[in-house]
Each structure stands twice: as structure tokens, then as C-alpha cells.
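Before any comments, here is the structure.
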Amino acid sequence: MTTETFFDIFLVFWFVVAGVSFFSLFKTAAPYGRYASSGLTKTIGNKLSWIIMETPAVLVFAASFLLGIHTHTLAALVFLVMWEAHYIHRAFIYPFTLRTKDKRMPFAILMSGFFFNIINGALNGGYLFTISGGYPNEWLKDPRFITGFVLFVIGLIVNRSSDRVLRNLRPPGESGYKIPHGGLYQWISCPNYLGEIIEWTGWAIATWSLPGLAFAVWTAANLIPRAWSHHKWYRQHFSDYPFERNVLLPGIW
Ligand SMILES: NC(=O)c1ccc[n+]([C@@H]2O[C@H](COP(=O)([O-])OP(=O)(O)OC[C@H]3O[C@@H](n4cnc5c(N)ncnc54)[C@H](OP(=O)(O)O)[C@@H]3O)[C@@H](O)[C@H]2O)c1
């Protein structure tokens, strides 16, 4: 079996697993953050968990670039910068901004994030820098790249600014929950998730690749059910939760 055939078969499997995850996460929310159960014994400190979980995304993608065959174009470099702009922040800055006093993450969640990031980084990096045959610099002028890039940047800004609103709800040392206000929270419960979904949809369009699409599908499969759980959770826990606020799509859902 050639590497390309294995790659294609694995991608099909990967899309199927994303679909299964989507439906099962509607049944049971991933048990971290507000859904973490105090009964679990195998847990790791929250900040350290985020660092361990997200570091493979930084390293595997960078290694794919360094070991890749088609990396001598500006287009390849732009993809590297886009990816690392997200993941260096997620792995090495975001965890230190969290105000999650004494919170712990189940080992199983940490491991699933860790292996997801290895596979996802290898699929995207392996495809972009080797299997695809390379992206010429003209690709940077292609409407698909430009549209995807703009979406990626908008998504990144929405994700980061919305995560910042959540962070600022808690004075240092506190761990309770409040109703978020401001920005897109005026209309929806989880704009940080909407931003992340827009970001990786932009990536899928900018790379015009099946691994990019798989990542966007996985992001939606993880975050659409979680946004729905958060929305229900807010409604259950706050009697004054704004009635008109939607889950993820302003005015629609
Ligand atoms: N690409 C993907 O598939 C994927 C998957 C998962 C996450 N992510 C990204 O990772 C980031 C974190 O995800 P997450 O699921 O942990 O997000 P989250 O549930 O919105 O929580 C983010 C942070 O804000 C705190 N927080 C949330 N709501 C709060 C409230 N009402 N009052 C006070 N504090 C509040 C949380 O504390 P607690 O921890 O104490 O709840 C946590 O520290 C997001 O940017 C998300 O887009 C991406």
C-alpha cells in the first residue's frame, strides 16, 4: 500500500470518528471545565493539562515542515505561520491566562486531546508539505486562499477576544461562573467556539485540502455539542440568563 493510499483510507476513518464524536458529545459533554466530575481519581492540573495536550500540535506541524519536501515557497511558510500563530498561543500562552483555581482535567481527556493533536498535526502538515506536491506562491493570490485566510483571521480574533471576556469574569483566585456580557455574547452563548469553528473553516478553504476539511469538521463536531451543553447549563443555573440569546448562530440557533 502506498503512503497516499494509506493516507486516504485513514482520512475516511477520521471523518467517520468525527461524526460518531459529534453525536455522542450531544449525549454526554466531555467531562472537563464545568462538567468535570469530582469523583475521578486520575486527573492532572488544568494548566499543565492544556500545555501537554496542545504542545504536540506545535511540534508535529513544525516537524512536518522541517522534514517536508515542498517547503521552499512563501505559501508553505504562510501556512506554517497561520498554524503556529494559533497553536503557540494555545499551548504556551492560553494556559497561563486561565483562572481555574484548583481545577483538574481527567487524564482520559488529556490523552484524547494529546493524540488528536498528533494525528491532526501530522495529517495537515504531512499533506501540505509533502503529499500535496506543494503549493506554489501563486496560490496566495487564489480567491480560495484569500477567502480562507480572511475567515481564519476573523475566527482567531473572535475566539481570542471571547475567551478574554470569560477570563475577565473571574477575579484571580475565584472559580465560580457568571453570565458573560459584551461582544458577541450579546447574541450567543459561546462566541469563543464560533470563532474557533470559523478559524478552522477558513483553514480548510485556504488550504483547499481534505485534511484541512477534516480539522474543520472535527472542530465543529467537538464544539457544536459543547456549545449546546453550555447554553442549557446557563439556562439551568441562571434564572436571569438573557432569553433572546442563541447557542452559536445569532438569530438562528
Ligand atoms: N478545536 C477544537 O476542537 C477545540 C476543542 C475544545 C476547545 N477548544 C478551544 O479551547 C478553548 C477553551 O475551551 P473550553 O471548552 O475550556 O472553553 P470554555 O468552557 O468556554 O472555558 C474557557 C475558560 O473560561 C472559563 N469560563 C467559561 N465560562 C465561564 C463563565 N461563565 N464564568 C467564568 N468563567 C468561565 C472556564 O473555566 P472552567 O474551566 O472552570 O469551566 C475556562 O477557564 C476555546 O477557545 C475553544 O475554542 C478547541
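We number each residue from 1, following the sequence as shown. Side-chain atoms are counted along with the backbone in the values below, which use heavy atoms only and exclude waters and symmetry mates.
Side-chain contact check for P180 versus L169: some heavy-atom pair is nearer than 4.5 Å. At least one side-chain heavy atom of V78 sits under 4.5 Å from a side-chain heavy atom of F145. Side-chain contact between S162 and V165 is absent, with no heavy-atom pair separated by less than 4.5 Å. Between W203 and N124, the closest side-chain pair of non-hydrogen atoms falls below 4.5 Å. A heavy-atom distance below 4.5 Å is not found between the side chains of I154 and E199. Put simply, the side chain of L123 reaches to within 4.5 Å of the side chain of F7, judged on heavy atoms. Inter-residue side-chain proximity for V247 and C190 is flagged as unmet; no heavy-atom pair is nearer than 4.5 Å.
No side-chain donor-acceptor contact under 3.5 Å links N120 to the backbone of F116. In this structure a side-chain-to-backbone donor-acceptor pair under 3.5 Å is missing from N246 to L248. With T130 contributing its side chain and Y127 its backbone, the two residues share no donor-acceptor pair below 3.5 Å. Between the side chain of R104 and the backbone N or O of T43 there is at least one donor-acceptor pair closer than 3.5 Å. The closest donor-acceptor contact from the side chain of N46 to the backbone of M105 lies at 3.5 Å or more, if one exists at all. Side chain of T100 to backbone of K103: no donor-acceptor contact under 3.5 angstrom is found. Although no hydrogens or angles enter the test, the distance criterion places a donor-acceptor pair under 3.5 Å between the side chain of R235 and the main chain of F243. Of the possible donor and acceptor atoms, one in the side chain of R226 sits under 3.5 Å from a partner among the backbone N and O of A30. In this structure, the side chain of R170 engages the main chain of R99 through a donor-acceptor pair within 3.5 Å. In this structure a side-chain-to-backbone donor-acceptor pair under 3.5 Å is missing from T28 to L25.
With sequence neighbours excluded, the residues that form a side chain to side chain contact (heavy atoms under 4.5 Å, CB included) with T219 are E196, I197, W200, F215, L223. Every ring-ring contact (aromatic ring centres under 6.0 Å, His included) that Y135 has, sequence neighbours left out, goes to F79, W139.
How far CG of L77 is from CE of M82: 12.0 Å, rounded to the nearest 0.5 Å. To the nearest 0.5 Å, the span separating CH2 on W14 from CG on L210 amounts to 14.5 Å. The CD1 atom of I88 lies 8.0 Å from the CD1 atom of I93; values are rounded to the nearest 0.5 Å. Atom-to-atom distance recorded for W218:CH2 and F22:CZ is 12.5 Å, nearest 0.5 angstrom. Rounded to the nearest 0.5 angstrom, N168 CG and K178 NZ are separated by 10.5 Å. How far CD1 of I252 is from CH2 of W187: 13.5 Å, rounded to the nearest 0.5 Å.
No path of Ile, Leu, Val, Met, Phe, Trp and Tyr side chains, each step under 4.5 Å between heavy atoms, connects Y32 with L48, placing them in separate hydrophobic clusters. I118 and L11 fall into different hydrophobic clusters, where Ile, Leu, Val, Met, Phe, Trp and Tyr residues are linked whenever their side-chain heavy atoms come under 4.5 Å apart, directly or through other members. No single ILVMFWY cluster, assembled from side-chain heavy atoms under 4.5 Å apart, contains both V17 and V12. Residues W83 and F92 fall within the same hydrophobic cluster, defined by Ile, Leu, Val, Met, Phe, Trp and Tyr side chains chained together at heavy-atom separations under 4.5 Å. Using a 4.5 Å cut-off between side-chain heavy atoms of Ile, Leu, Val, Met, Phe, Trp and Tyr, with links allowed through other members, L110 and W50 fall into different hydrophobic clusters.
In this structure, a donor-acceptor pair under 3.5 Å is present between the side chains of D163 and N192. A donor-acceptor contact under 3.5 angstrom links the side chains of T2 and T5, judged on distance only. Residues R34 and Y177 have side chains that never bring a donor and an acceptor to within less than 3.5 angstrom of each other. A donor-acceptor contact closer than 3.5 angstrom is absent between the side chains of Q186 and H181.
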Determine all donor-acceptor pairs shorter than 3.5 Å in which one atom belongs to a side chain in residues 53-67; sequence neighbours excluded.
residue, atom, partner, partner atom, Å
E54, OE1, N117, ND2, 3.4
T55, OG1, I51, O, 2.5
S64, OG, V60, O, 2.8

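Note: H230 and Y35 have tilted aromatic rings, judged against thresholds of 30 and 60 degrees for the angle between ring planes.
Closest heavy-atom contact between P31 and P106: O-CG, 3.1 Å. Between E4 and I131 the shortest heavy-atom distance is CG-CG2, 4.2 Å. The shortest non-hydrogen separation linking H86 to R160 is CA-NH2, 3.9 Å. Pairing each heavy atom of A75 with each of N137, the nearest pair is N-OD1, 3.1 Å. Scanning all heavy atoms of the two residues, the minimum distance from T207 to A204 falls at OG1-O, 3.4 Å. Across F129 and A76, no two heavy atoms sit closer than the pair CE2-O, 3.6 Å.
A side-chain hydrogen bond (donor to acceptor under 3.5 Å, both in side chains) with S189 is found for exactly one of W233, Y241, Y234, namely Y241.
The ring of F26 has its center no closer than 6.0 angstrom to the ring center of F23.
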Begin from the C-alpha positions of Y94 and T97 and carry the test side chain to side chain contact (heavy atoms under 4.5 Å, CB included) through to its verdict.
CA-CA 5 Å; Y94 176 77; T97 66; 4.1 Å; yes
Show the numbers, then the answer: is there a side chain to side chain contact (heavy atoms under 4.5 Å, CB included) between I119 and F10?
CA-CA 10 Å; I119 295 170; F10 187 81; 3.5 Å; yes
